[in-house]
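Some notes on the structure that comes next.
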Amino acid sequence: MSAAVDPGLWDDLTWRGLIANSTDADALRAALSAGSVGFYVGFDPSAPSLHMGHLVQVLTAKRLQLAGHTPYALVGGATGMIGDPRDAGERVLNPLDTVQEWVARIRSQIEPFLSFEGDNAATMVNNYDWTAGLSTIDFLRDIGKHFPVNRMLARDVVRNRLEDGISYTEFSYVLLQSMDFLELFRRHGVTLQFGGSDQWGNLTAGVELIRRAAGERVHAIATPLMTKADGTKYGKTEGGALWLDPAMLSPYAFHQFWLNAEDEKVGELLRVFTFLPREEIEALEKQTADEPFRRAGQRALADAVTTEVHGERETQQAKAAAAALFGTGDLHDLDATTLAAALGEAGSASAPSGTGVVDLLLASGLVTSKGEARRTIAEGGAYLNNERITDVEAVPGSGDLLPGGWLVLRRGKKRLAGIQVG
RNA sequence: GGCAGGUUGCCCGAGCGGCCAAUGGGAGCGGACUGUAAAUCCGUCGGCUUUGCCUUCGAAGGUUCGAAUCCUUCACCUGCCA
């Protein structure tokens, strides 16, 4: 039996711009309309948390499942041990126990997005299960034989690395990922893999392997690489990548990231990262174009994505914190509870009374050295309770304390931190 | 294995005995303008007990009053030859 599938899926994915590339589109569209398709998407544990780029895949998996298809989410304990070649150069291999810990963390990040019940329940898989016991001889005979080295050398990632060098380890990565597809095809009848467009070579290699080794035609979809309006990479915040783990990036900072989206990109981000219906997104795009200063699109985007990732409660707290800290009112008018909650979201520290502004900035984490603190003050970029600090030697007194004994430090326009003095 | 070239601050890349914490570009950070947008312009961009001191130019030694710059050894990378 096949579960009822949503015939509008392909058009929706296309409209959202989620299909940057795919194998035979007509055949794929037909397959997705005919019945529940087993599909897989893989995540390598190259860090302790997923980030913005992975979120596209997680949400796409959810879209496919909601449309009736059957997800196999692979967290690559094996591929994570090897490392996908990248232009930046050879990776440093991580120890097995580190990889395994990251596998566990990433699995638990993915699980909330999928449903593990019903006709098209999701399954979590780990390629370590079918590679750990595999012998080198079997691997070379059964898998390696299907990979012409001349074709492998022609791939962009490999070609780019030939100048600077690439290890046999990374060169072989594509065999492992292709084998995953073959293995999932054999074990679970998986006939579709998708991933970021930077994975296109790996995706098609898997399709090719299944054609050669099993004589079957399967499919691949590449989702677009998200970039800023100027074409540069996304996902950078002050702390680094846009992590999904709240311990690595607070829900407040996460919410702020989306709130600061460029006008030009709001529509695209809404389509890729939210489940809002088409009419609603189109209305928001129009509003953003007509009244950009209201930033209706950015607000809807930030709320929707933060809710998907961190939940309703965290989203409300992030919004409340931003309203308190970026509001037009005087900070002195906020009550201690609101202030403490807001600063807890934005980041806070403590310092003994009598500490000067330079050391306060350092303690807040807004700067990383005293020299940077002095420089920031000299540049007019440091603020205490929303007032520019002009004197490097200034020492805030009891009259500067906000309710609850707080001082609000700010660097630039948006980077805030609270210091509790006592 | 031989020969040649390379290894500079977050990245790219100048410097080739003192004027070098080290030209320039990019990224980052701050300011102005705005809408917690983009673009643009300006400033800034190792650390500190900041008119000075300390640590940086692959690593360790050495020459010199003085080295990122010269010498020696080691490590890694690239190219040519075998």
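Protein chains get the first letters and strands the later ones, always in sequence-line order, with residue 1 at the start of each.
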Exercise. Checking all strands, does A:Arg374 fall into the base, sugar-phosphate, or nothing category for heavy-atom contacts under 4.0 angstrom?
Worked result: base
For this session: Check the distance between B:rG31's C1' and A:Ile377's CD1 and give it to me in whole angstrom.
Result: 15 Å
For this session: Answer yes or no: is there an ion pair linking A:Glu285 with A:Arg271, defined by an N-O contact shorter than 4.0 Å?
Result: yes
Seminar exercise, completed: To the nearest angstrom, the CZ-C1' distance between A:Arg294 and B:rG35 comes to 11 Å
Problem set entry | A:Phe293 or A:Glu264, whichever maps to the more 5' nucleotide of RNA chain B | A:Phe293
For this session: Starting from P on B:rG35, measure out to CH2 on A:Trp258 and report it in whole angstrom.
Result: 25 Å
Exercise. So what does A:Gln298 hit on the nucleic acid, given a heavy-atom distance under 4.0 Å: a base, only sugar-phosphate, or nothing?
Worked result: base
Exercise. Would A:Lys265 and A:Glu268 pass as an ion pair if we require N to O under 4.0 Å?
Worked result: yes
Exercise. Could you state the CG-P distance from A:Asp290 to B:rG35, rounded to the nearest angstrom?
Worked result: 17 Å
Exercise. Are the aromatic rings of A:Phe39 and A:Tyr72 close, with centres under 6.0 Å apart?
Worked result: no
Problem set entry | C1' spacing across the pair B:rG15 / B:rA37, given as an integer number of angstrom | 41 Å
Problem set entry | Residues A:Arg212, A:Glu208: salt bridge by 4.0 Å N-O rule | yes
For this session: Ignoring the backbone of A:Arg411, work out which of B:rA32, B:rC29, B:rU49 is nearest its side chain.
Result: B:rC29
For this session: May I have the distance from A:Glu393 (atom CD) to B:rU49 (atom P), rounded to whole angstrom?
Result: 11 Å
Exercise. With rounding to whole Å, what would you report as the distance between B:rG25 and B:rU40 at their P atoms?
Worked result: 15 Å
Exercise. Does the distance from a Lys or Arg side-chain N to an Asp or Glu carboxylate O, for A:Lys286 and A:Glu291, drop under 4.0 Å?
Worked result: no
For this session: Examine B:rG35: is either OP1 or OP2 under 4.0 Å from a nitrogen or oxygen in the side chain of A:Lys414? Give yes or no.
Result: no
Problem set entry | OP1 or OP2 of B:rG30 under 4.0 Å from side-chain N/O of A:Arg410 | no
Exercise. On a whole-Å scale, what distance lies between the C1' atoms belonging to B:rU69 and B:rG58?
Worked result: 15 Å
Seminar exercise, completed: Comparing A:Leu259 with A:Glu372, nearest RNA chain B nucleotide closer to 5' gives the residue A:Leu259
Exercise. Taking the side chain of A:Arg415 as its heavy atoms from C-beta onward, which of B:rU49, B:rG30, B:rA32 lies nearest to it?
Worked result: B:rG30
Problem set entry | G-U wobble or Watson-Crick pairing nucleotide for B:rG79 (cut-off 3.5 Å, both distances) | B:rC3
For this session: May I ask you to establish whether A:Lys62 and A:Phe275 are in a cation-pi arrangement, using a distance under 6.0 Å from NZ or CZ to the six-membered ring centre and at most 45° from the ring axis?
Result: yes
Exercise. At under 4.0 Å between heavy atoms, what does A:Gly380 touch on the DNA or RNA strands: base, sugar-phosphate, or nothing?
Worked result: sugar-phosphate
For this session: Report which part of the nucleic acid A:Ala382 touches: base, sugar-phosphate, or nothing (heavy-atom distance under 4.0 Å, all strands).
Result: nothing
Tabulate protein N/O versus nucleotide N/O from nucleotides 42-46 of chain B, keeping only pairs under 3.5 Å, one per line.
| residue | atom | partner | partner atom | Å |
| --- | --- | --- | --- | --- |
| B:rG43 | N2 | A:Glu379 | OE2 | 3.1 |
| B:rU44 | O4' | A:Glu379 | OE2 | 3.2 |
| B:rU44 | O2' | A:Glu379 | OE2 | 3.3 |

For this session: Determine the interatomic distance between C1' on B:rG17 and the same-named atom on B:rC65; round to the nearest Å.
Result: 12 Å
Exercise. Does the pair A:Glu282/A:Arg278 count as a salt bridge with the N-to-O cut at 4.0 Å?
Worked result: yes
For this session: Provide the distance between the two C1' atoms, one in B:rA68 and one in B:rC19, to the nearest whole Å.
Result: 15 Å
For this session: Provide the Watson-Crick or G-U wobble partner of B:rU49, both distances under 3.5 Å; none if there is no partner.
Result: none
Exercise. What does A:Arg388 touch in the nucleic acid at a heavy-atom separation under 4.0 angstrom: a base, only the sugar-phosphate, or nothing?
Worked result: sugar-phosphate
Exercise. What nucleotide among B:rA38, B:rG35, B:rU49 has an atom nearest to a side-chain atom of A:Arg295?
Worked result: B:rG35
Problem set entry | Residues A:Asp303, A:Arg299: salt bridge by 4.0 Å N-O rule | no
For this session: Examine the base of B:rU34 for any acceptor or donor lying under 3.5 Å from a partner atom in the side chain of A:Lys413, and report the outcome as yes or no.
Result: yes
Seminar exercise, completed: Rounded to whole Å, CG of A:Leu361 lies from P of B:rG30 at a distance of 12 Å
For this session: Hunt down the Watson-Crick or G-U wobble partner of B:rG66, both distances under 3.5 Å, from any strand shown, or write none.
Result: none
